Protein chains: 2
Amino acid sequence: MKARTSDLSCKAMSPHRSRRRIPDATVARLPIYLQLLIEQLENEVANISSDELAALAAVNAAKVRKDLSYMGSYGTRGVGYDVEYLVYQIRRELGLDHEWSVVIVGAGHLGQALSGYGGFSERGYSIEGVFDIDDKKIDVAVGGVRVRHLDELPQVVAQRSVSIGVIATPASAAQDAADRLVKSGVTSILNFAPVVVNVPFGISVRRVDLSVELQIISYHEQRRLTAAAQLRAVNGDGSINATA
Amino acid sequence: MKARTSDLSCKAMSPHRSRRRIPDATVARLPIYLQLLIEQLENEVANISSDELAALAAVNAAKVRKDLSYMGSYGTRGVGYDVEYLVYQIRRELGLDHEWSVVIVGAGHLGQALSGYGGFSERGYSIEGVFDIDDKKIDVAVGGVRVRHLDELPQVVAQRSVSIGVIATPASAAQDAADRLVKSGVTSILNFAPVVVNVPFGISVRRVDLSVELQIISYHEQRRLTAAAQLRAVNGDGSINATA
DNA sequence: GCGACTTTGTGAAGGCGCGCACAAGCGACC
DNA sequence: GGTCGCTTGTGCGCGCCTTCACAAAGTCGC
Ligand SMILES: NC(=O)c1ccc[n+]([C@@H]2O[C@H](COP(=O)([O-])OP(=O)(O)OC[C@H]3O[C@@H](n4cnc5c(N)ncnc54)[C@H](O)[C@@H]3O)[C@@H](O)[C@H]2O)c1
Ligand SMILES: NC(=O)c1ccc[n+]([C@@H]2O[C@H](COP(=O)([O-])OP(=O)(O)OC[C@H]3O[C@@H](n4cnc5c(N)ncnc54)[C@H](O)[C@@H]3O)[C@@H](O)[C@H]2O)c1
């Protein structure tokens, strides 16, 4: 169950620094817009219409406008949106106007790939520590970060005021990792292990399960195949009609 | 735009081998149920109620029953569901009753982690090839698979009848990778690069962007912080009330 | 300054998914 | 064989999300 902050109080907030609730679906798209807008900025595009941004993100233009309108009305009718200002606004709304400290638990294949990934620091996430229990992994530097023993977790979380923890341990150790993260003071968790972890109320967990993604794909792939088989049966035979 | 097979024809299909459309939200949960049910099987639990499964998956029990009912009615009232039969049914529905061949494009950190990951073969996915363009990476074995040059992609896809491709290249090369995958005959793509790739109609793409996940987390984290700040302002000061 | 054109912001409608609540069905026990 | 208790399967209302459509509001050219 995703923790959802109960916010009856936030209906009519102060006009500036808007704090109305943004729908989950919109929050999931804002980072994509942000990415595209930053690319536009690099190409020295100063202005963009909802139609253009929609084409880049492969979504409906009205959806783009409604998404952006949740942050306030920053567009100019007849012209479009100022890219730089939009980038600023989305950044602020997503909380990217300051750095976030992150710790990773589990220094295996995935943990190492994550800790060495440049895309995180680019976006304002600072990996403050990578932790493991296997002595063979400890003190080895991966991706510019020295692996520490898990026992040092509480200390690092407290010192660096870490609020986000990533679980990259085997499934069997994920619940333990979550418990330790929570006890250390982390309030949000990104879990890559294929298990459901239980956390106290108020702590939020996002699960990213790559096997699940593949299984969703194969469901659709299988439907495609059976649909094609049925078509063949109807048409007598013949080629599967190409990507129209 | 997610490719959605137009299926007006499938409303009243043959009674056995049900092929009605399953809602996307349900398809995304079935792999999680499957995982949990397999664990139950390992613990020699032969029967399970929707309540129990719901607790394990941290979802509503009615949702579980409705999800399962899309595959047909396989439960026994007053008793629950036969775990083994349920595993069989979900497997069949997701297309996991046979192996799926997968290729990975990009043998960097992520590509190597993925190709060595045991969880995929456990679930019936067979990595048929890992491809790169960097000569330094080619012919090196990663995770039991030898890295091949990208030019060999069409050949491998055709020979092994690969239908699923994974993109683990830098963002700048992702569109090229997608084009090559499609041209080789792959019909579904799992994209880890933080870009929107364009594909012909009929090809489906799922994007997994870890940075986006972190940004969704930090949005909620930031709301939590400002909410706490407002509370402090109201209460005069004092501790942020703990996870109730 | 005015008209034509462009693009935003949003009201309203439709669709989808969630969860309640309950009838229907099954087993167990007497 | 009947009753009782338990669990499934699902109809229904509700709320969220998407999309259409259009008035409002701005720019540009003259
Ligand atoms: N490798 C992938 O591509 C991939 C893909 C999808 C999902 N996953 C999931 O990600 C997780 C990690 O995968 P991986 O391939 O990196 O595994 P791995 O075995 O390479 O690494 C796991 C690491 O966790 C450490 N560890 C074990 N118990 C621990 C504990 N209690 N506390 C802290 N650290 C502990 C181990 O020492 C090891 O270094 C797994 O749950 C896996 O299912 C991985
Ligand atoms: N490493 C991570 O943890 C992580 C996390 C999130 C997202 N990603 C994304 O995943 C992708 C891969 O990340 P990475 O860390 O493995 O990068 P990487 O630089 O380690 O590896 C990229 C690999 O792709 C190869 N490559 C480059 N151009 C290619 C082409 N045209 N065709 C085939 N191969 C090509 C390179 O030779 C290299 O081996 C990136 O898009 C990245 O943004 C990675």
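Heavy atoms only: backbone and side chains are in, while hydrogens, waters and symmetry mates are out. Naming convention: chains lettered A, B, ... in sequence-line order (proteins, then strands); numbering from 1 in each chain. Not measured: the values here are computed from a predicted model.
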Fill in: DNA chain D: 5'-proximal contact among Gly75(B) and Thr76(A) (nearest heavy atom)
Gly75(B)
Worksheet item: Do Arg224(B) and Ser188(A) have side-chain heavy atoms sitting under 4.5 Å apart?
Response: yes
Item to complete: Could you identify which residues of residues 47-55 of chain A place a heavy atom less than 4.0 Å from some atom of DNA chain C, listed by residue number, or say none?
Response: Ser49(A), Ser50(A)
Worksheet item: Got a second to check how far Tyr219(A)'s OH is from Ile90(B)'s CD1, nearest 0.5 Å?
Response: 13.0 Å
Worksheet item: Going by the angle between their ring planes, with limits at 30° and 60°, are Tyr88(A) and Tyr85(A) parallel, tilted or perpendicular?
Response: parallel
Practice prompt. Please work out which residues in residues 77-86 of chain B have a non-hydrogen atom less than 4.0 Å from an atom of DNA chain D and list them by number.
Written response: Arg77(B), Gly78(B), Val79(B), Gly80(B), Tyr81(B)
Worksheet item: Between Ile164(B), Val182(B), Val105(B), which is the residue that forms a side chain to side chain contact (heavy atoms under 4.5 Å, CB included) with Ile189(B)?
Response: Val182(B)
Discussion item. Reading DNA chain D from 5' onward, which residue's closest nucleotide shows up sooner: Pro23(A) or Ala62(A)?
Written reply: Pro23(A)
Worksheet item: Is the phosphate of dC18(C), meaning OP1 or OP2, less than 4.0 Å from a side-chain N or O of Arg29(B)?
Response: yes
Worksheet, complete the sentence: One should read off an interatomic distance between Asp67(A) CG and Arg65(A) CZ, to the nearest 0.5 angstrom, of 11.0 Å
Item to complete: Note down the inter-axis angle between the two ends of the helix from dG1(C)-dC30(D) to dC30(C)-dG1(D), five pairs each, to the nearest 10°.
Response: 10°
Worksheet item: Got a donor-acceptor pair under 3.5 Å from the side chain of Lys66(B) to the base of dG19(C)?
Response: yes
Worksheet item: Measuring from Leu181(A):CG to Ile104(A):CD1, what's the distance to the nearest 0.5 Å?
Response: 11.0 Å
Discussion item. With a cut-off of less than 4.0 Å, is there a side-chain N or O of Lys63(B) near OP1 or OP2 of dG19(C)?
Written reply: yes
